[in-house]
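One structure below.
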Amino acid sequence: MLYAVFKNIGCRLNQSETEALAHFFLKAGFGVCAQPDNSAHVIIVFVNTCTVTTKAEQKCRHVIRSSLKSFPNAIIIVSGCYAQLESKRIESIDERVVTFPGMQKGFLKYFPDFLQKSLKIKESTYDTTNISDTIPLPERSDIRQIVHAFIQTLPSTKQMTENEKKPLSVLTGQPVFTPLVKTHLLGQHRQNPSVANVKEKPQYAFELSTSDFVFRSRATIKVQDGCNSSCSFCRIHKARGSSVSLEIKKVVQRAQEIEKAGKNEIVLTGVNVSQYRDGSAHFSDLLKQLLLQTTHIHFRISSFYPEAIDQEFVEVFADKRVCPYIHLSVQSGSERILKYMRRPSSVQHIEAVCDTLKKVKPDTFIGADIIAGFPSETEEDFQKTLELCTRVQFQHIHAFPFSARPDTEAFYFKPRVPEKTIAERVALLNALSEKNYKSYMALIIGKTFFGIVEDFSDGLKVLTENYVLLPLKQEKNTDKLKSGDGVFVKVCDSYCILA
């Protein structure tokens, strides 16, 4: 059997897209894995990349180089945000590396069938369902040529005419696009809808979707892509484009399919899900419909912007099937730095939001992204950030050292904070995060939570609805449990038991 290997760097959205692509490779008759026992029959390595920080890009290049060495018969397909912005640099690593535009990643849904048919047309011995060691593998040059041929069939990311849609449809025999829908471009609260701009966006961004998950026990649905914010430090909006959302009815349909497939939790993902729009409907409206039109499956919200949390969001968050967990894009506790970052939230609003969510669900696990060492960040600014994180008691602080990204405003901001000072501030944030987490764990001992079983090499664990991963004590009634099962567990000191 011919294999495709999948390497993922970055966010939950990347994980969701990688899972879907693996599903389509399986359907086309290929083997899929993250790390195969035998690299001989690996002909494609797919690397889904991130460009959030310089370190993330370094990791992407390391994974690419490592894959070239580990899989000598493979072509390395690199997609994602880094590939969208730095394709020439990535392809210069080796002739076996081919970049696939991140904004057109949805079209990869059709690539596995295209590859399989091309191999069978070129040489009848290339049977992806029954290849043995005695049958010659396709040449790397052949695979590379097929990949390039597929890319050449793609329409541009501009709004396309019917003639531009034809090539890929003809090759795959399947419709490539769903109808265009109108989506509101966000950034504003619904209390001020007059400032919301309306554009038409194609829905090919949501083609990578599946109800079968190869690598993960929890399901994901990509409900949104792109971002309309222009934070001074970030270039994701340049890599992903402006915000586009999947229609509510399609999200609901996918959720129902996942629930029917036996999954017990769905993570709702996107670049910025707080910018979700379907006409006048917001993310809260989407969540309401998901709860109304499913029966038992739980929903987890991924990263969210504090300024987008209003009373309607709080009311739907209170539902027992919405996980008591949220990760907030905070970035700083200094009003001066927040303005310098072009962040719309205020410290007061961030605190108020966290306080409200904990009143609705006292055991809510709240995480936060924090950037340490933003240009001109003084010791006073940083102390304000520490004070905010202490008052709110974020159970997890994802501390980023500031990374100057090309083509962003902050790339040129002065004065820069010394690297040593940044490292010290990151260490302080990490220490506070660990302290807050331990305090939280002490408060939930003896309480019961719903969770999803995870199968690790050292035994079964449960990821609870409030995002705590604990070993599951082995008892007679745990023998038949498997990865993905939903269970109620009681939290003990350093493990959990079935409730």
Side-chain angles (χ1 to χ4, degrees), residues 11-13 16 181 183-191 193 196 203 205-206 209 211 218-228 243-260 263-329 353-354 356-367 449-452 464-467 486:
C11 62
R12 288 189 182 93
L13 178 55
S16 173
V181 300
T183 70
H184 284 283
L185 300 186
L186 171 77
Q188 286 58 6
H189 293 288
R190 66 173 75 199
Q191 289 89 335
Q203 294 290 284
F206 302 99
S209 174
S211 57
R218 296 176 298 142
T220 57
I221 299 179
K222 175 182 174 181
V223 301
Q224 184 274 342
D225 202 346
C227 186
N228 298 321
S243 181
V244 58
S245 303
L246 184 63
E247 295 164 285
I248 287 178
K249 65 180 181 181
K250 292 182 179 178
V251 179
V252 169
Q253 180 183 359
R254 292 181 183 184
Q256 290 171 336
E257 290 172 355
I258 290 170
E259 185 176 58
K260 186 177 180 180
K263 292 293 183 180
N264 290 286
E265 181 182 302
I266 294 174
V267 184
L268 302 173
T269 69
V271 171
N272 187 346
V273 295
S274 55
Q275 291 184 355
Y276 180 89
R277 295 292 184 274
D278 181 5
S280 61
H282 290 229
F283 183 78
S284 302
D285 303 306
L286 167 66
L287 201 46
K288 286 177 187 175
Q289 289 303 313
L290 286 168
L291 291 166
L292 285 170
Q293 299 190 55
T294 57
T295 59
H296 63 272
I297 199 162
H298 289 234
F299 295 95
R300 186 179 300 278
I301 303 166
S302 57
S303 182
F304 213 77
Y305 277 32
E307 65 271 16
I309 296 178
D310 56 14
Q311 185 57 37
E312 291 185 64
F313 177 92
V314 172
E315 289 173 1
V316 70
F317 183 80
D319 191 282
K320 66 180 181 180
R321 285 202 286 132
V322 177
C323 294
Y325 163 86
I326 196 163
H327 191 87
L328 298 177
S329 181
V353 161
C354 295
T356 301
L357 292 177
K358 287 181 179 179
K359 285 180 179 177
V360 171
K361 288 184 174 178
D363 296 317
T364 296
F365 188 111
I366 302 179
F449 298 94
F450 180 78
I452 305 297
T464 64
E465 58 188 323
N466 54 330
Y467 210 64

Pairwise distance CD1(Ile266) to NE2(His298) - rounded to 0.5 angstrom: 11.0 Å

Test salt bridge (Lys or Arg N to Asp or Glu O under 4.0 Å) applied to Lys361 - qualifying residues, sequence neighbours left out: none

Aromatic ring pairing Phe283/Tyr276, orientation class (parallel under 30°, perpendicular over 60°, tilted between): perpendicular

Taking every non-hydrogen atom, the tightest pair across Asp225 and Phe206: N-CZ, 4.1 Å

Point-to-point distance, once rounded to the nearest 0.5 Å, from CG of Leu328 to CG of Leu357: 7.0 Å

Glu465 versus Tyr325, closest heavy-atom pair with distance: O-CB, 3.8 Å

Euclidean distance, Gln293 CD relative to Gln253 CD, rounded to 0.5 Å: 11.0 Å

Point-to-point distance, once rounded to the nearest 0.5 Å, from NZ of Lys358 to OG1 of Thr364: 8.5 Å

Closest heavy-atom pair and its distance - Ser329, Pro306: O-CD, 3.3 Å

Side-chain donor/acceptor of Arg300 to backbone N/O of Glu265, under 3.5 Å: no

Contact summary for Gly486 and Asn264, nearest pair of heavy atoms: N-ND2, 3.2 Å

Nearest-0.5 Å distance, CG of residue Leu287 to CZ of residue Phe317: 9.5 Å

Side-chain (Glu259) to main-chain (Thr294) donor-acceptor, under 3.5 angstrom: no

Worked verdict on Asp310 versus Ser284 for side chain to side chain contact (heavy atoms under 4.5 Å, CB included): CA-CA 9 Å; Asp310 56 14; Ser284 302; 4.2 Å; yes

Short side-chain to backbone donor-acceptor contact, Asp285 and His282, under 3.5 Å: yes

Heavy-atom pair with the smallest gap, counting every atom of Arg321 and Ile297: NH1-O, 2.7 Å

Main-chain N/O of Gly226 paired to Gln224 side chain as donor or acceptor, under 3.5 Å: yes

Minimum heavy-atom distance Tyr305-Ser274, with the two atoms named: CB-OG, 3.4 Å

Asn228 side-chain N/O to Ser243 backbone N/O, donor-acceptor pair under 3.5 Å: yes

Counterpart residues, side-chain contact (heavy atoms from CB on, under 4.5 Å), relative to Glu315 (two or more places apart): Gln311

By salt bridge (Lys or Arg N to Asp or Glu O under 4.0 Å) - contacts of Lys359 (at least two apart): Asp355

